J.: 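Below is the structure I would like to discuss, written out as structure tokens.
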Amino acid sequence: MSGKATLFTAFLLLAFFACTSKKEAEEKAKKSPTASELAIPQPEVHGTEIKSVELTNPLKSEWVSTGKSIYETKCLACHKLTDERVVGPGWAGVTKKRQPVWIMNMITNVDMMLETDAEAQKMLEECLVRMPNQNVSEEDARKILEFMRSNDGEK
Amino acid sequence: MKHRHLVLFITAALTLPVLLSSPGCKPQNPTSAVEGDAASKVYVAPGKHDEFYNIVSGGFNGQVSVYGIPSGRLFRIIPVFSLNPESGWGFSEETKPMLNTSHGFVPWDDTHHIALSTTNGEHDGRWAFVNGNNTPRIARISLATFRTEEIIEIPNSSGNHSSPFLTENSEYAVAGTRFSYPLDDKESNPDVPISTYKQNFKGTVSFVGIDKETGHMNVAFQVLLPGVNFDLARCGRGPSHDWFFFSCYNTELASTLLEVNASQKDKDFVMAVNWKKCEEYVKAGKGKKSKVRYAHNVFDEKTHTGTSTIKDEVVVLDPNELKDIVYFVPCPKSPHGCDVDPSGEFICASGKLAAVIPVFSFSKMQKAIADKNFEGEFEGIPVLKYDAVLHGEVKKPGLGPLHTEFDGKGFAYTSFFVSSEIVKWDIEKLEVVDRVPTYYSIGHLSVPGGPTRKPHGKYVIAYNKITKDRYLPTGPELTQSAQLYDISGDKMKLLLDFPTTGEPHYAEAIPASLVAPKSVKIFKIEENNHPYVAKGEKEARVFREGNKVHVLMTSIRSHFTPDNIEGVKMGDEVYFHVTNLEQDWDVPHGFAVKGANNAEILIMPGETCTLKWVPDRTGVFPIYCTDFCSALHQEMQGYVRVSPRGSNVPLTYSTGNKAEPTGEAK
Ligand SMILES: [Cu+2]
């Protein structure tokens, strides 16, 4: 490397006089945008908050059965249909205890709920596992709700 | 050896005065090369994103790595031709077929060049292609999943170096053989004396077709060529769209001591191939079918499984019969890079041992072909006259030019290996306008969008061969390194050093806005068609097929189902097919079993992966999740009981059964 160093020193002595002024360089630097200006902020996208849910009786049997199959793929690992808690609480009685809007938001908007809703926060303290965002659409959440109602004995 | 050193010395002597008299600020020593504002130009604040993805070949590590530019932060290492125990690539049952070749399972290769897919000559953010040099292969990586989706072996090739450069609309990826070798069309490597090189050794370049929709590759045709060595290549663009240009060395047709014997002639060649014409000849049935054997491996995103197919035929075109598909252009001396400017008119070749950078003109080349302005033939292929096709020479630019990229503003940037520098020159005037030192021995360089019709300019990144004193020492082996330079002004400015894994050869950089929005976050569980998927815990089960035990297992924060398995016996092969039920971004689960002779598997949300385990002793074996997934991650575990061969323990499985206080093994 020492050969290289000598070579460099030689460059510098000669090139020194050709240097543009420091001020000029600074001006130039100011013109090019900084990286943070160019960076694209990318917050994670979640479902929007659900404000109201319409319930009707009798239950839509088609929704109940679709809701059941979504439950079996995406929810059953943590929620039993009884009141037994596994990872999350059992579903028995959930539609009596919680508002439909609360249930729907918990399914589709869990991060928002854990940030803002006192009841949801209390449950996190009990279960110690953040409910996963299972990427359930609003329509599918509604079908799960129908299945929950059926599980709670509604007709 | 002596002779060559002398040549270099003389070239150095001639070049030095040019270097010394060139204008610009020279750094005082390696540590003061950076000016005051550099840090703010590469600082990407916490939570902010980089402007470019830099997709970098990993050289001898067989991988591809992904860095952010300008920060130089490492985001991902993508296993391609290499085993990766971290993710189970090459260890899981689904990925083993991806490393299959006509030579069997080949778990390593040497990756050199990245080519990002383009539409109309501009990056489209769909795929990255990379070559395997040693056992000739091309891989396709999805830029939506950052995973290897396909690997195709190249028949009639040895050392797939000149690869995988793409045509403007990604119609083809090329694969030029580095080593010429004896070929025949009977699916064999003829056993001939090496001394018969000139008679028996042949080269090929292959055109690998790429499906517009799926990206799937097929070896469309090959061109049979004299036994030279192919180095690098670039497609034409715009007016030269139909052409492909390759650099070649060893026109001496030597087989030993190439550093001397392949440096005898003043000029080697740039080879121009009219691929459109080739395509027409193939359609017209003018190709000859050759018996070969090569593997084609495709990973299906829905079954999460790779399949390997062996193919046995390829179409070969012979330019000795089809006279208008290949032309040679004389080029001083052992050219490495062969780079086409954004306009498609100029082809810059870098003779590693030459004292000039010759720049060829495509329109002059076309005229010379029309006028049959040949200086002769080489092995039956016309050689165009040097002066007739030359746009001009950049005189004494530096020592050891390797590779050139462009900024879209009329300037070219060439890396110089021997003199460790980047030289900026004016393409039209052929004058050097700036030079900066690199630390040390730069190979390829990359300008974001540099090999496309519309370069983004802004930065040039140097990929260096030697790191020496740049970082804290780590024994005899040091990390490799890249260096980022600002090229937005008249003068290049060093901004940042960052370490890289493997030995980075070529790389491309692409605006984040072309890649990030398409990024896949999860695999949808509904679309999982793996033959052993368990879509939900209800489908989890264990069953026996002879001595094979299949475990369809699910994972979710924070347990496996089933987590207690009994009835496995010595001599059984156990297949854990683990489905990750999560549908949340960035929540993989891992799976490992004590004493397994392979690796773990890392299962992405919605995916199924299979780990094969052949127990080597009886007893109870723990299984657990290796990827910290939740506060109860440590509790994500279970047991598998292995009984002696012939014992009558029934195959049972469960989750959540309370332990019996008096339970007794039977
Ligand atoms: Cu886990």
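Given the structure is predicted, the values throughout are model-derived calculations rather than measurements. Lettering follows sequence order; numbering is per chain, from 1. Heavy atoms only: backbone and side chains are in, while hydrogens, waters and symmetry mates are out.
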J.: Please determine whether the number of non-hydrogen atoms from other residues, nucleotides or ligands lying under 6.0 Å from atom CD of A:Q99 exceeds 12.
T.: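 No, the 6.0 Å shell around CD holds no more than 12 heavy atoms from other groups.
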J.: Flag yes if more than 12 heavy atoms outside B:K465 fall under 6.0 Å of its NZ atom; otherwise flag no.
T.: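 Atom NZ in B:K465 is crowded, with more than 12 foreign heavy atoms closer than 6.0 Å.
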J.: Do other residues, nucleotides or ligands put more than 12 heavy atoms under 6.0 Å from B:Q637 CD?
T.: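 Correct, the count exceeds 12.
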J.: Would you find more than 12 non-hydrogen atoms of other residues, nucleotides or ligands less than 6.0 Å from A:Q121 atom CD?
T.: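 Yes.
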J.: Roughly how far, to the nearest 0.5 Å, is the NZ atom of A:K80 from the CD atom of B:E537?
T.: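 If we round to the nearest 0.5 Å, B:E537:CD and A:K80:NZ are 5.5 Å apart.
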J.: Taking atom NZ of A:K96 as the centre, report whether more than 12 heavy atoms of other residues, nucleotides or ligands fall under 6.0 Å from it.
T.: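 Count over threshold, so yes.
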J.: Out of A:V136, A:N135, A:V86, which one racks up the most heavy-atom pairs below 4.5 Å with chain B?
T.: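 Heavy-atom pair counts peak at A:N135.
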J.: Looking only at non-hydrogen atoms, find the nearest pair between B:A631 and A:L128 and report the distance.
T.: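 Heavy-atom minimum between the residues: CB-O, 3.4 Å.
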J.: Looking at CG of A:L76 and CG of B:L581, how far apart are the two atoms once the value is rounded to the nearest 0.5 Å?
T.: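 It comes to 9.0 Å.
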J.: To the nearest 0.5 Å, what is the distance between CD (B:E539) and CD (A:E72)?
T.: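 Here the rounded value is 8.0 Å.
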J.: Give a yes or no on whether A:K60 atom NZ has more than 12 heavy-atom contacts from other residues, nucleotides or ligands under 6.0 Å away.
T.: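 Atom NZ in A:K60 is not crowded, with 12 or fewer foreign heavy atoms closer than 6.0 Å.
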J.: Quick one, A:T73 and B:E526 - any side-chain contact, counting heavy atoms below 4.5 Å?
T.: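 No, every pair of side-chain atoms sits at 4.5 Å or beyond.
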J.: With a 4.5 angstrom heavy-atom cut-off, is it the side chain or the backbone of B:T554 that approaches chain A, or both, or neither?
T.: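 Neither part.
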J.: Check each atom of B:I69 against the heavy atoms of chain A and say whether the ones under 4.5 Å are side chain, backbone, both or neither.
T.: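 Nothing of B:I69, per the 4.5 Å heavy-atom cut-off to chain A.
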J.: Checking heavy atoms, do the side chain of B:H633, its backbone, both or neither come under 4.5 Å from chain A?
T.: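 Neither; nothing under 4.5 Å.
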J.: Over all heavy atoms of both residues, which pair between B:R557 and A:R130 is shortest? Give the atoms and the distance, please.
T.: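 Closest heavy-atom pair between B:R557 and A:R130: NH1-O, 4.3 Å.
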J.: Verify the neighbour count for atom NZ of B:K409: are there more than 12 heavy atoms of other residues, nucleotides or ligands below 6.0 Å?
T.: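 Enclosed: over 12 neighbouring heavy atoms sit under 6.0 Å from NZ of B:K409.
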J.: Would you say A:Q134 and B:I556 make side-chain contact, with heavy atoms under 4.5 Å?
T.: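 Yes, at least one pair of side-chain atoms sits under 4.5 Å.
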J.: Can you check side-chain contact (heavy atoms from CB on, under 4.5 Å) on B:H559 and A:V87, steps first, answer last?
T.: CA-CA 9 Å; B:H559 64 280; A:V87 181; 3.5 Å; yes
